[in-house]
Protein chains: 2
Amino acid sequence: MAEKQNTLYVGALAKGLLVLRAFDKTATELSLTELAARTGLDKSATQRLANTLFVEGMLDKDPKTKRFRPSHAWLRMAYTYFWSNPLIQLAMPRLIELSQHLGATANLAEISGDHILYVSRIPGKTSHFASTIVGRRLPALTTAAGRAILSTWPATDRAQAVATWTVEQITSQTTLDRDEIGRAIDQVADQGYAETQGQAMLGHTGVSAPVVGPDNVAFAAVQCSFPSRTWPAARIQEEALPHILEAANAIAPQVRPGRYTDEVGRLQV
Amino acid sequence: MAEKQNTLYVGALAKGLLVLRAFDKTATELSLTELAARTGLDKSATQRLANTLFVEGMLDKDPKTKRFRPSHAWLRMAYTYFWSNPLIQLAMPRLIELSQHLGATANLAEISGDHILYVSRIPGKTSHFASTIVGRRLPALTTAAGRAILSTWPATDRAQAVATWTVEQITSQTTLDRDEIGRAIDQVADQGYAETQGQAMLGHTGVSAPVVGPDNVAFAAVQCSFPSRTWPAARIQEEALPHILEAANAIAPQVRPGRYTDEVGRLQV
DNA sequence: CGTCTTTGTATTATATTATGATACTAGGTA
DNA sequence: TACCTAGTATCATAATATAATACAAAGACG
């Protein structure tokens, strides 16, 4: 951030974003001093930036504790994002159908750097909070959706992803072995869908099919998550898989070329 | 914005936010010149700010058309917001239950200035895109949820809201008459729930119950929307209402005091 | 097919504006 | 009550945003 000495780069704005990004899942309410510590900015700068964000409605401030927290504006941005992404609109009815039919969470995931991002989630009967909220990011290599997407990429891109992209222990069963991941993706390419066991959530099977563009390359995937206890492999195979594949295939032909085929790789949030 | 000559106010940051806010539902992809026109900033400023937002990952830029659009970071902010709002976590299982049971969209709405904001939405069988996405804002006075919330407020606050808050023609059936709205809210206070016909969506009945805090004042409401054709008043009364009231009442006792009871009235997005 | 217009990109001297050290104030704790 | 911590306010200084302008590239048009 500080390195960008470009005159086309407004440092004050970047620092403001730094303050916004100081908040995360585990730090949802921050005092001025905490904010300063997390951003690395001094007290004065933090004070000025946080105050500006407060005045502009990007942060709420508890009148008693003086602590800051994300404001409704953060949700408002998601609203605009949803309208900006045509794929979500295309996918929504299919996801609702899927969720209703299977009783499981139906997700649309997009590739975002070397992670996947849930951009749309329809909860099923047993879903709980964490699996209903959009915006979650997971390393692509350790998720069914990520592997489904990667399986459609040219061999060289795929190889590079497998060799260099983030792997991270999410659960005790998360596979970190890149060779094994590579073989798994090869298999996905053959069979047309990805299936993972407890990679992102213990006791759950993830099933995902890529949503391919006109060039047969995917940047998104339909994904469902099933409790392994009530959904043994055979049942998934018979009852769920056809519908997931159908949903992904139903969306695919409507994907315009160009819009997703050139994602900008850049600093990740 | 420009008026704030305070030294605790960072103009460059505020202008950056102005650029972000230039995007909305109907303008999801903007060129540099459009951005300049919408923000009122000159070409140079817009260039610098947009470029900074791009470098920091807040905006994507189409390499061909050079047009900017919201990035995945916009969704990421929603993710953090969800974790920051304990009410959403409390409400989620109830909303899922409601939605599954009734087959209708189940929403949690919060008051946000003189609007309500959908902070959580679980789609039902027939839901379509627009009613599945969070972050939508509607004038509180013209929605069942807004009226349900207002009905719990002290008489003076209520009267002032009815007299001064925004009313806006959303559908052809939207009521703009403040006296009529006032009477409707009085009725809501008596019966404990709000019911509206086609106020926000033609052919749909909205039903909402307030989620009250320890002081019996509400800042949020559970709301469901029913197609009037298949859900005549009597059916809603018998089959839906009890569950909606139950859901709202189930959430209420868990609402901590203080957290919602002092919303900061400030510039709205 | 070449000209014209529009839109995006890059540069620079200038003065506006962010900076951060410091002093002040209030709330909580011992 | 005295002390400490954390938030708030002020101000001289220098850093940095500014906006005018020039350049480049891409479409539009005859």
Side-chain angles (χ1 to χ4, degrees), chain A residues 1-20 22-23 27-56 58-69 71 258 262 264 266, chain B residues 1-20 22-23 27-56 58-69 71 257-259 262 264 266:
Chain A
M1 178 217 79
E3 300 81 38
K4 306 267 169 183
Q5 303 285 35
N6 195 318
T7 92
L8 292 180
Y9 187 82
V10 181
L13 173 51
K15 285 178 195 162
L17 298 175
L18 210 59
V19 171
L20 290 179
F23 294 88
T28 59
E29 208 183 73
L30 295 170
S31 69
L32 194 63
T33 25
E34 287 166 339
L35 221 36
R38 284 184 148 251
T39 54
L41 301 167
D42 64 35
K43 202 167 93 171
S44 295
T46 312
Q47 182 191 186
R48 262 175 289 123
L49 297 166
N51 178 63
T52 306
L53 292 168
F54 169 69
V55 171
E56 291 300 325
M58 288 302 297
L59 291 178
D60 281 349
K61 187 177 181 178
D62 190 305
K64 284 216 183 70
T65 66
K66 314 288 183 181
R67 292 164 74 82
F68 295 95
R69 54 169 182 262
S71 77
D262 206 346
V264 241
R266 222 185 328 78
Chain B
M1 175 217 78
E3 299 83 36
K4 307 267 170 183
Q5 302 286 35
N6 195 318
T7 102
L8 292 180
Y9 187 81
V10 181
L13 173 52
K15 285 178 196 162
L17 298 175
L18 210 58
V19 172
L20 291 179
F23 294 87
T28 59
E29 207 183 75
L30 295 170
S31 70
L32 194 62
T33 26
E34 287 167 338
L35 222 35
R38 287 184 145 251
T39 54
L41 301 166
D42 63 35
K43 202 169 92 170
S44 294
T46 312
Q47 182 191 186
R48 264 175 288 123
L49 296 166
N51 176 64
T52 306
L53 291 169
F54 169 69
V55 171
E56 291 300 327
M58 288 302 295
L59 291 178
D60 282 349
K61 187 176 183 178
D62 189 304
K64 284 216 183 73
T65 66
K66 313 289 184 182
R67 292 164 75 82
F68 296 95
R69 54 170 182 260
S71 76
R259 179 64 170 72
D262 208 345
V264 242
R266 222 185 326 81

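Just so we're on the same page: letters track the sequence lines, and every chain starts at 1.
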In whole angstroms, how far is the [atom2] atom of [N] from the [atom1] atom of [X]?
| X | N | atom1 | atom2 | answer |
| --- | --- | --- | --- | --- |
| A/Glu34 | D/dT5 | CD | P | 16 Å |
| B/Asp42 | D/dT21 | CG | P | 12 Å |
| B/Leu35 | C/dT7 | CG | C1' | 13 Å |
| A/Leu30 | D/dG7 | CG | C1' | 15 Å |
| B/Asn51 | C/dG8 | CG | P | 13 Å |
| B/Arg48 | C/dT11 | CZ | P | 15 Å |
| B/Tyr9 | D/dC11 | OH | P | 22 Å |

Among [options], which nucleotide sits nearest the side chain of [X]?
| X | options | result |
| --- | --- | --- |
| B/Ser44 | D/dA17, D/dG7, D/dT21 | D/dT21 |
| A/Lys43 | D/dA19, C/dA10, D/dT8 | D/dT8 |
| B/Leu8 | D/dG7, D/dA9, D/dT21 | D/dA9 |
| B/Lys66 | D/dA17, C/dA18, C/dT9 | C/dT9 |

End axis versus end axis in the helix from C/dC1-D/dG30 to C/dA30-D/dT1, the angle rounded to 10°, five pairs used at each terminus: 50°
Which atom of B/Thr46 lies closest to which atom of B/Thr39, heavy atoms considered: OG1-OG1, 4.2 Å
Sugar-phosphate, base or nothing in reach of B/Thr33, heavy atoms under 4.0 Å: sugar-phosphate
Side chain to side chain contact (heavy atoms under 4.5 Å, CB included) between A/Asp62 and A/Arg69, worked out: CA-CA 8 Å; A/Asp62 190 305; A/Arg69 54 169 182 262; 3.9 Å; yes
Residue-phosphate contact under 4.0 Å: [X] side-chain N/O, [N] OP1/OP2:
| X | N | answer |
| --- | --- | --- |
| A/Lys61 | D/dT8 | yes |
| B/Ser31 | C/dG8 | yes |
| B/Lys15 | D/dT18 | yes |

Separation between CG of A/Asp42 and CD of A/Gln47, rounded to the nearest 0.5 Å: 10.0 Å
Euclidean distance, A/Leu13 CG relative to A/Thr52 OG1, rounded to 0.5 Å: 11.5 Å
Heavy-atom check, side chain of B/Leu41 versus side chain of B/Val19, under 4.5 Å: yes
Flag side-chain contact, heavy atom, 4.5 Å: A/Glu34 against A/Phe68: no
Side-chain donor/acceptor of B/Arg67 to base of C/dG8, under 3.5 Å: no
Non-neighbouring partners of B/Thr28 that pass side-chain contact (heavy atoms from CB on, under 4.5 Å), sequence neighbours left out: A/Trp83, A/Ser84
Donor-acceptor contact below 3.5 Å, side chain A/Arg48 vs main chain B/Val10: no
Earlier contact from the 5' end, DNA chain D, for A/Leu13 and A/Gln47: A/Gln47
Given DNA chain D, 5'-ward residue of the pair A/Leu32 and B/Leu49, judged by closest heavy atom: A/Leu32
